[in-house]
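Take a look at the structure set out below.
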Amino acid sequence: MPRAVRERQMLDAAVHTFGQRGYRAASMDEIAELAGVSKPLVYLYLNSKEELFTACIRREARALIEAVRHGVTPGEPADRQLWDGLRAFFTHTAEHPDAWAVLHSQARTVGEPFAAEVNVMREEIVAFVTLLIAEAARAAHRNPSLPDREVAGLAQALVGAAESLAGWAITEPSVSANQAAATLMNFAWAGLGDLMEGRFWSPNP
């Protein structure tokens, strides 16, 4: 069997095991058995449990980013691009719950250097959303009033909300990817629309 195919089998088994049992509880014996290979072969290909987990994070992070980027059509209005990106995001996380558990739960709770690997993926998604919000501001105003710091903060908040909503949606079979995306668009874009029109909330009457 080609090395690439064998490695994919091992990573598939590892993602499922880590996602279901958690990094600390998962064993290399369990992963090897699920992959249909010997434990020494897993170590031969991926050296250690730490390297195997890192390889899982990197593969699943790439897959998620690619899914979001491929779901968006450049040149569409900013709200349409954000809708398509959110729908792609929620579709991918719903279809790959173990991968999302590895990225969102396991990698962050186990600690460094795994958390740093996930942060690389997250910052790429945040940068993408930041560009969409800035583009929407430019479309609303020839000289947009939203400062860079405000745009960056909104992007961080939106990505954080998407992450939390994805974790909830995975546990609620009745919630589709479209419904999750629509919930976040209704929550976020209405507020963004006010910002684009210069209507800022203030605690002062």
Side-chain angles (χ1 to χ4, degrees), residues 1-71 85-126 158-184:
M1 183 176 295
R3 181 185 179 95
V5 175
R6 182 70 75 191
E7 283 189 1
R8 185 172 68 247
Q9 288 181 336
M10 293 179 189
L11 289 175
D12 288 344
V15 167
H16 177 74
T17 305
F18 288 135
Q20 292 291 313
R21 296 180 55 76
Y23 174 76
R24 291 188 175 89
S27 72
M28 296 294 272
D29 290 293
E30 193 175 5
I31 292 168
E33 182 179 358
L34 185 59
V37 301
S38 66
K39 185 167 75 170
L41 187 60
V42 177
Y43 279 111
L44 177 65
Y45 276 55
L46 291 149
N47 295 322
S48 67
K49 184 179 179 181
E50 292 79 6
E51 288 196 21
L52 177 59
F53 192 52
T54 300
C56 290
I57 293 170
R58 289 175 178 172
R59 187 186 76 163
E60 299 310 324
R62 284 196 304 270
L64 178 57
I65 290 171
E66 288 173 6
V68 171
R69 290 196 174 278
H70 288 164
L86 286 173
R87 188 169 56 176
F89 173 83
F90 287 116
T91 297
H92 186 86
T93 54
E95 292 176 350
H96 303 87
D98 291 331
W100 182 241
V102 166
L103 292 174
H104 187 61
S105 305
Q106 295 304 314
R108 290 177 171 175
T109 56
V110 173
E112 298 292 349
F114 306 126
E117 293 284 348
V118 174
N119 283 338
V120 171
M121 172 205 72
R122 191 179 193 278
E123 288 308 311
E124 186 168 343
I125 292 177
V126 167
L158 186 58
V159 171
E163 291 170 341
S164 295
L165 190 56
W168 171 77
I170 285 172
T171 65
E172 294 287 340
S174 62
V175 179
S176 68
N178 277 6
Q179 289 170 328
T183 295
L184 193 51

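Sequence positions, counted from 1, serve as the residue numbers for this chain. Excluded from the calculations below are hydrogen atoms, water molecules and symmetry mates; all remaining heavy atoms, backbone and side chain alike, are included.
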Can you tell me how far [atom2] of [Y] sits from [atom1] of [X], rounded to the nearest 0.5 angstrom?
X    : Y    : atom1 : atom2 : result
Q179 : E172 : CD    : CD    : 11.0 Å
T183 : N178 : OG1   : CG    : 10.5 Å
R108 : E117 : CZ    : CD    : 13.0 Å
K39  : E30  : NZ    : CD    : 12.0 Å
M10  : L34  : CE    : CG    : 12.0 Å
D12  : E7   : CG    : CD    : 11.5 Å

Of all the heavy-atom pairs spanning [X] and [Y], show the shortest one and how long it is.
X    : Y    : answer
V175 : A169 : CG1-CB, 4.1 Å
A94  : I170 : CA-CG1, 4.4 Å
V102 : G19  : CG2-N, 3.9 Å
S105 : T109 : O-OG1, 2.8 Å
D98  : V15  : CB-O, 3.7 Å
A166 : F89  : CB-CE2, 3.8 Å

Practice task
Could you tell me whether E66 and R62 make a salt bridge, using a distance below 4.0 angstrom between a side-chain N and a carboxylate O?
Solution key: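 Here E66 does not pair with R62 in a salt bridge, since their nearest N and O are not under 4.0 Å apart.
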Handout entry: Cationic N near anionic O, under 4.0 Å, R58 to E51
Key =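 No.
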Problem - F90 backbone acceptor or donor facing T93 side chain under 3.5 Å - result: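 Such a contact is found between T93 side chain and F90 backbone.
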Practice task
Spell out, as yes or no, whether a donor-acceptor pair under 3.5 Å connects the side chain of T171 to the backbone of W168.
Solution key: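 Judged by distance alone, yes, a pair lies under 3.5 Å.
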Handout entry: ring-ring contact (aromatic ring centres under 6.0 Å, His included): pairs with one or both residues in residues 104-124, sequence neighbours excluded
Key =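 Sorted result for residues 104-124: Y23-F114, F53-F114, W100-H104.
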Beyond-backbone contact of [X] with [Y], side-chain heavy atoms, under 4.5 angstrom:
X    : Y    : value
Y43  : L52  : no
R122 : L103 : no
L11  : E60  : no

Exercise for the section: May I ask you to establish whether R6 and Y45 are in a cation-pi arrangement, using a distance under 6.0 Å from NZ or CZ to the six-membered ring centre and at most 45° from the ring axis? Expected result: no
Practice task
Could you pull out all residues at least two apart from I65 that satisfy side chain to side chain contact (heavy atoms under 4.5 Å, CB included)?
Solution key: R69, M121, E124, I125
